[in-house]
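Positions are given from 1, in the same order as the sequence printed here.
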Amino acid sequence: MFSVDKQLNYGHSIIMSYANRLDCKSVLDLDDGQGINLDIFKNRHPVIKSVEVENWSYNIKIPEKNGHEVCGADMEREKHTFDDNSIDCIILSQLLEHTKDIFWKIHECMRVLSYSGSLIMGVPILAALHNRIPLLFGKQPSCIQI
């Protein structure tokens with residue numbers, strides 16, 4: 001039986017490797033959903049300022065409960081409320097493929113990212129081996145399954 005670790009699709013192990021080696025005072029995740037990426041950073045750096053930009057009301061409650069600041073914004077049209085060069089690490093994971101204007105999104109990230117900051121981006125890859133095998137057998141790949 002072939003099985004796929006669906007957590008691979010979201011790159012949590014990669015986020016954890018960055019959290020382990022970066023020395024950050026602030027981390028911003030755009031549309032993290034339930035705040036899993038922020039939890040990873042908060043576990044490594046307990047006093048870090050962790051912020052999520054989220055619009056879905058269900059997902060706002062969970063990160064707030066876990067100690068993350070949550071702000072709502074229309075990321076397609078509105079300027080981020082953060083000062084220039086004020087965030088040490090920004091995570092854009094599983095978001096750009098849903099964005100109409102990626103240039104605006106990246107521009108805003110670069111504006112608020114500190115000069116020595118890190119931008120972590122990830123998009124699902126349909127051509128990855130763990131997605132091709134199910135396609136071979138007529139199944140939906142894990143990056144498309146809900």
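The 12-atom threshold is exceeded at CG of L119, counting heavy atoms of other residues, nucleotides or ligands nearer than 6.0 Å.
Residues I120 and C89 meet the side-chain proximity criterion, which asks for heavy atoms closer than 4.5 Å. With a 4.5 Å cut-off on side-chain heavy atoms, K49 and E69 count as touching. Looking at K105 and L30, their side chains come closer than 4.5 Å, going by heavy atoms from C-beta outward. Counting only heavy atoms from C-beta outward, the side chains of V112 and D83 never approach each other to under 4.5 Å. Counting heavy atoms from C-beta outward, C109 and L92 have side chains that approach closer than 4.5 Å. Between C71 and F82 there is a side-chain heavy-atom pair separated by less than 4.5 Å. Counting heavy atoms from C-beta on, the side chains of Y18 and S118 never come closer than 4.5 Å.
When only modelled atom types and interatomic distance are considered, H68 and D29 share no side-chain donor-acceptor pair under 3.5 Å.
Under a 3.5 Å cut-off, the side chain of H12 and the backbone N or O of I40 do not form any donor-acceptor pair. Checked by atom type and distance alone, the side chain of K42 pairs as donor or acceptor with a backbone atom of I48 at under 3.5 Å. Side-chain atoms of S93 never come within 3.5 Å of backbone atoms of G122 as a donor-acceptor pair (strictly under, hydrogens ignored).
If you run side chain to side chain contact (heavy atoms under 4.5 Å, CB included) between L28 and each of V53, I91, L38, only V53 comes through.
N85 meets the side chain to side chain contact (heavy atoms under 4.5 Å, CB included) test with Y115; sequence neighbours excluded. Under the rule for a salt bridge (charged side-chain N to carboxylate O under 4.0 Å, His left out), the partners of R111 that lie at least two apart in sequence or sit in another chain are D84, E108.
Atoms NE2 and CG, from H107 and D101 in turn, are 10.5 Å apart once rounded to the nearest 0.5 Å. Between atom CE of residue M16 and atom CZ of residue R21 there is a gap of 13.5 Å, rounded to the nearest 0.5 Å.
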